[in-house]
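One structure is given below, encoded as structure tokens.
Counting starts at 1 for both ligands and their atoms, following the listed order. In this chain, numbering begins with 1 at the start of the sequence shown.
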Amino acid sequence: MSPELPLQGKKILLGVCGGIAAYKSAELTRRLIDKGADVRIVMTASAKEFITPLTMQAVSGHAVYDSLLDPQAELGMGHIELAKWADLILIAPATANAIARLRAGMADELLTTLCLASASPIAIAPAMNQQMYLAPVTQENINALKERGIFVWGPAQGMQACGDVGPGRLLEVPDLVQLSCDFFAPVEQSLMGVNVVITAGPTQEAIDPVRYISNHSSGKMGFSLAEAALVMGANVTVIAGPVHLTLPAEIKRIDIKSAVEMHQASLAAVAESDVFIACAAVADFRTAQVHNEKMKKQENSDSMTLTLVKNPDIIADVASSINRPFCVGFAAETNNLEAYALDKLTRKNLDLIAANDVSVNDQGFNSDNNALTVFSKNQRFDIALNTKKEVSMQLLKLIAQEFKEYSKDHSNETNRT
Ligand code: C5P
């Protein structure tokens, strides 16, 4: 029996808009079908000025959909049915106009109406003149679509049909096909072979042999991230503070107590890590001096003073090391969530920061639930309140996606994987 094709049985609705790159949509259709996809075509009115519906019908093997108000087409697969049919709506090329209309929620022609009427994932592959792409309004529109969960594939840089050079070229067909295959790849493969190191739990800062300073972190979030990363195919190492939790045997566990020990173990793990997730609630300070013997109450004094010194910032040091991994931090905040999280992202040189509001009951610290707002340098993603297990899966999927982009951008640097 031949192995299953990566897009076997996947239903892709390909939206074609009116740009010079529309001629590539025919080739894209063919290559998606080669990979096993069932492709139906929707064309905007201006797309038909660049490539004929007849061509698209011939390559897809199905009649092209191009009108919202076509009684004949509605007799077949009506537009709502078509919107429900798709496993993925891919708009390639997506023009500046289509992107703006999608953002505005327009429903006066077939393609944007289908997007509005569909609960299926949507991916757009922008293609336009570089000036149009870089225009603040287009950037705003694209960012708004990303925040809504729409995938943006490309654009590529280079020479444009109009003679300009810059970002705005449609991604090449093989890249679009690869992204489609990656999109449908089972979650189990999204971190296949990636080395993920996670710090988890609290740290304990000794005062003397029997006393310490610590915090209420349970380690649940870090441990559940470790399990999610394992499910997604990663090689996982957990550097754990003192917690009462167990991990599957496939996960390498390094137990430490203090922040200084966690710092040492983390820096030692950097060379072997592609993704570093700092989930631990590291004590900001440790005692300047750890007493060798149990400290005694002073009979003549009702108070005592401990001198504390600052602990090293583990994730900041990892993020500034040579051949740094992709770095993800956490920010537990009670107020000004976004501002504090973005400040940490920049100050610690992170790639992503997952912020949670610890002032809300039943989420975050010690709870089984969590909700996160994740920031990259220029994007924001919301992960709604759910079990830490589910939130971990969603966060790891996002990390896998962003790590892939990061790896592409840094592919010239030393390759550790
Ligand atoms: O600065 P703050 O403690 O709020 O930053 C939180 C993030 O930084 C978390 O990802 C935490 O694991 C990490 N961190 C660290 N080392 C420290 C303090 C925090 O890695 N000493």
* For Gln298, check side chain to side chain contact (heavy atoms under 4.5 Å, CB included) against everything at least two apart and list the hits. => Asn300, Ser301
Considering heavy atoms of the protein only, find what lies nearest to [atom] and give residue, atom and distance to 0.1 Å.
atom                    : result
atom 8 (O) of ligand 1  : Lys348 NZ, 3.0 Å
atom 9 (C) of ligand 1  : Phe330 O, 3.1 Å
atom 3 (O) of ligand 1  : Asp284 OD1, 4.0 Å
atom 18 (C) of ligand 1 : Val282 CB, 3.8 Å

Would one find more than 12 heavy atoms of other residues, nucleotides or ligands at under 6.0 Å from atom [atom1] of [X]?
X      : atom1 : result
Arg347 : CZ    : yes
Lys84  : NZ    : no
Lys146 : NZ    : yes
Lys48  : NZ    : yes

* Does Ala280 have a heavy atom less than 4.0 Å from any atom of ligand 1? -> yes
* **Non-hydrogen atom of Pro312 closer than 4.0 Å to ligand 1** => yes
* Structure fact -> Contact region, His263 to ligand 1, non-hydrogen atoms below 4.0 Å, reads neither
Give the numbers and elements of all ligand 1 atoms closer than 4.0 Å to a heavy atom of [X].
X      : result
Gly329 : 10 (O)
Lys344 : 1 (O), 2 (P), 4 (O), 5 (O)
Ile315 : 8 (O), 13 (C), 15 (C), 20 (O)

* Asked: What pairs of residues pass the side-chain hydrogen bond (donor to acceptor under 3.5 Å, both in side chains) test when at least one of them lies in residues 9-28, not counting sequence neighbours?
  -> Glu27-Arg31
* Looking just at side-chain N and O atoms, do Asp357 and Ser359 make a donor-acceptor pair shorter than 3.5 Å? -> yes
* Do ligand 1 and Ala278 have nitrogen or oxygen atoms that lie under 3.5 Å from each other? -> yes
* Closest by any non-hydrogen atom to atom 16 (N) of ligand 1: pick that one out of Ile353, Val318, Ile314. => Ile314
* List the steps and the verdict of salt bridge (Lys or Arg N to Asp or Glu O under 4.0 Å) for Lys389 and Asp368. => CA-CA 8 Å; Lys389 191 171 173 199; Asp368 289 328; over 6 Å; no
